Peer 1: 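This is the structure I want to talk about, given as structure tokens.
What you see is a predicted model; the values in this text were computed from it and never measured. Index from 1, following the sequence.
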Amino acid sequence: LGYPHELWTTRLLAGHALGERFCAVRFRWRCGCERKAYPLSSPVMTDFRAILRARLDAAVGSDQVLTDPADMAPFLSDWRGRYHGQATAVVRPGSTDQVAAVVRACADLAVPIVPQGGNTGQCGGATPDARGNAIVLSLVRLNRVRAVDPANATLTVEAGVPLAMVQQAAAAAGLMFPLSLAAEGSCTIGGNLSTNAGGNAVLRFGNTRELVLGIEVVLADGRIWDGL
């Protein structure tokens with residue numbers, strides 16, 4: 001698997017006003033000690049891709065599994081156009097349970113996962129490689145603010161919530177979420193946490209991990225760990 005580093009629902013600390021070929025693709029099939037590479041046009045690969053698609057459709061619904069090149073294109077390049085890749089599909093879960101189902105399917109079939117939030121990173125970490133054997137797990141639909149607790153100065157938000165929305169939710173409760181950076185209108189809190197973003201108030205308030213009280217995580221085998 002890839003690194004499911006953005007598959008988090010996060011409980012965040014908010015403060016008062018003072019205080020995120022063959023083909024270019026080969027699938028390796030292990031049988032005992034023998035390893036084989038199959039071209040994508042082979043029956044083995046056709047069956048494999050059909051099984052994967054069925055599992056993904058069952059996990060999130062067919063409308064949220066993108067395979068058309070035009071639909072996938074925005075997810076296969078970084079925002080600056082410096083990094084480009086290929087993917088088997090772009091999958092857009094809408095809940096923690098759906099994320100878990102997708103990760104279980106990929107773990108069972110040995111399919112790499114590339115998690116993607118706002119796709120605002122500058123080092124290509126959210127862009128799949130050129131082999132095209134991975135799926136992109138887009139978290140844009142995990143965009144809910146689950147809870148705001150003014151008495152304890154905390155928010156509970158999903159991984160795909162844009163940073164600016166987190167700030168707004170805190171401000172509406174008379175609080176301040178101090179993480180701030182140039183991409184805050186499009187970067188997501190899951191990406192901020194996965195990269196331990198600092199922002200322009202890092203010297204006063206610390207990196208993102210300093211603002212986190214707990215996380216809900218989908219592990220690499222599809223289990224859910226609730227640390228909220």
Peer 1: Examine distances only and state if a side-chain atom of Trp79 and a backbone atom of Gly121 form a donor-acceptor pair shorter than 3.5 Å.
Peer 2: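 It does hold such a pair.
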
Peer 1: OG/Ser95 to CZ/Arg144 distance, rounded to the nearest 0.5 angstrom?
Peer 2: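 Going from the OG atom of Ser95 to the CZ atom of Arg144 covers 7.0 Å.
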
Peer 1: Rounded to the nearest 0.5 Å, what separation is found between the SG atom of Cys106 and the CG atom of Leu52?
Peer 2: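 One gets 6.0 Å once the value is rounded to the nearest 0.5 Å.
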
Peer 1: Provide the closest heavy-atom pair for Val114 versus Gly125 in the form atom of the first, atom of the second, distance.
Peer 2: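 Heavy atoms of Val114 and Gly125 come nearest at CG1-O, 4.1 Å.
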
Peer 1: For the pair Gln86 (side chain) and Ala130 (backbone), establish whether a donor and an acceptor sit closer than 3.5 Å, ignoring hydrogens and angles.
Peer 2: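 Checked: no pair found.
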
Peer 1: Given side chains that start at C-beta, do those of Ser62 and Arg53 come closer than 4.5 Å, heavy atoms only?
Peer 2: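 Yes. Closest side-chain heavy atoms under 4.5 Å.
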
Peer 1: List for me each residue that meets salt bridge (charged side-chain N to carboxylate O under 4.0 Å, His left out) alongside Arg55, sequence neighbours excluded, and say none if there are none.
Peer 2: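 Arg55 satisfies salt bridge (charged side-chain N to carboxylate O under 4.0 Å, His left out) with Asp108 once adjacent residues are dropped.
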
Peer 1: Can you tell me which residue pairs pass the salt bridge (charged side-chain N to carboxylate O under 4.0 Å, His left out) test with a partner in residues 71-95, sequence neighbours excluded?
Peer 2: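 Qualifying pairs, neighbours excluded: Asp78-Arg80.
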
Peer 1: Identify each donor-acceptor pair in which a side-chain atom of residues 160-181 lies under 3.5 Å from a protein atom, sequence neighbours left out, and give them as a table.
Peer 2:
unit_1	atom_1	unit_2	atom_2	d
Gln167	NE2	Leu179	O	2.7
Gln167	NE2	Glu184	OE1	3.2
Ser180	OG	Glu184	OE1	2.8

Peer 1: State yes or no: do Val103 and Leu66 share one hydrophobic cluster built from I, L, V, M, F, W and Y residues joined by side-chain heavy-atom distances below 4.5 Å, directly or via other members?
Peer 2: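 No.
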
Peer 1: Hydrophobic clustering (ILVMFWY, side-chain heavy atoms < 4.5 Å, transitive) - are Leu211 and Leu203 grouped together?
Peer 2: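 No: no chain of side-chain contacts under 4.5 Å links Leu203 to Leu211.
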
Peer 1: Evaluate the side-chain proximity of Leu76 to Thr127: yes if any heavy-atom separation is below 4.5 Å, no if none is.
Peer 2: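 Answer no - side chains too far apart.
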
Peer 1: When rounded to the nearest 0.5 angstrom, what is the spacing between CD in Gln98 and CG in Leu56?
Peer 2: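 Interatomic distance, Gln98 CD to Leu56 CG, rounded to 0.5 Å: 11.5 Å.
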
Peer 1: Given Leu109 and Ile51, is the side chain to side chain contact (heavy atoms under 4.5 Å, CB included) satisfied, shown in steps?
Peer 2: CA-CA 9 Å; Leu109 297 169; Ile51 293 169; 4.2 Å; yes

Peer 1: Nearest heavy-atom pair of Ser186 and Thr120: which atoms, and what distance?
Peer 2: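 The answer is OG-CG2, 3.4 Å.
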
Peer 1: Please identify which of these residues, Asn207, Asn196, Thr208, meets the side-chain contact (heavy atoms from CB on, under 4.5 Å) condition with Val202.
Peer 2: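 In the set Asn207, Asn196, Thr208, the residue that makes a side-chain contact (heavy atoms from CB on, under 4.5 Å) with Val202 is Asn207.
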
Peer 1: Is any side-chain heavy atom of Asp129 closer than 4.5 Å to a side-chain heavy atom of Asn133?
Peer 2: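 Asp129 vs Asn133: side chains touch.
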
Peer 1: If every non-hydrogen atom of Ala87 is compared with every non-hydrogen atom of Pro128, which pair is closest and at what distance?
Peer 2: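 So the minimum-distance heavy-atom pair works out to CB-CG, 4.3 Å.
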
Peer 1: Are Val111 and Val99 linked, directly or through other ILVMFWY residues, by side chains that come within less than 4.5 angstrom of each other?
Peer 2: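 Yes, it is one cluster - the side chains of Val111 and Val99 are joined through contacts under 4.5 Å.
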
Peer 1: Taking atom CG of Leu139 and atom CG of Leu142, what is their separation to the nearest 0.5 Å?
Peer 2: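 Between Leu139 CG and Leu142 CG, I get 5.5 Å after rounding to 0.5 Å.
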
Peer 1: Do Thr154 and Leu213 come within less than 4.5 Å of each other through their side chains, counting heavy atoms only?
Peer 2: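 A side-chain contact exists here, since the closest heavy-atom pair is under 4.5 Å.
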
Peer 1: Work out which heavy atom in Asn119 is nearest to a heavy atom in Ala126; give both atom names and the distance.
Peer 2: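 It is OD1-CB, 4.0 Å.
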
Peer 1: Would you say the side chain of Ile224 lies within less than 4.5 Å of the side chain of Glu216, judging by non-hydrogen atoms?
Peer 2: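 Yes; the side chains approach each other to less than 4.5 Å.
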
Peer 1: Report whether Ile113 and Val90 are members of the same hydrophobic cluster (ILVMFWY, side-chain heavy atoms less than 4.5 Å apart, transitive linking).
Peer 2: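 They do not share one cluster, since no chain of ILVMFWY contacts under 4.5 Å joins Ile113 to Val90.
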
Peer 1: Examine Val65 and Phe75 and state if one hydrophobic cluster contains both, with Ile, Leu, Val, Met, Phe, Trp and Tyr joined whenever side-chain heavy atoms are less than 4.5 Å apart.
Peer 2: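 No: no chain of side-chain contacts under 4.5 Å links Val65 to Phe75.
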
Peer 1: Once rounded to the nearest 0.5 Å, what's the spacing between atom CG of Asp226 and atom CD1 of Ile215?
Peer 2: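 Atom-to-atom, Asp226:CG and Ile215:CD1 are 10.0 Å apart.
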
Peer 1: Output, in order, the C-alpha distance, side-chain angles, deciding distance and verdict of side chain to side chain contact (heavy atoms under 4.5 Å, CB included) for Val217 and Leu219.
Peer 2: CA-CA 6 Å; Val217 183; Leu219 302 176; 4.0 Å; yes

Peer 1: So, taking the atom named CZ in Arg49 and the one named OG1 in Thr88, what distance separates them when rounded to the nearest 0.5 Å?
Peer 2: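 Arg49 atom CZ to Thr88 atom OG1 measures 5.0 Å (nearest 0.5 Å).
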
Peer 1: Carefully, step by step, assess Ile135 and Val102 under the rule side chain to side chain contact (heavy atoms under 4.5 Å, CB included).
Peer 2: CA-CA 10 Å; Ile135 69 159; Val102 172; 3.7 Å; yes

Peer 1: Taking the side chain as C-beta and beyond, is there a heavy-atom pair between Thr156 and Val148 under 4.5 Å?
Peer 2: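 No; the side chains remain at least 4.5 Å from each other.
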
Peer 1: Any idea which heavy atoms bring Ala89 and Thr67 closest together, and the distance?
Peer 2: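 Reported closest heavy-atom pair: CB-CG2, 3.9 Å.
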
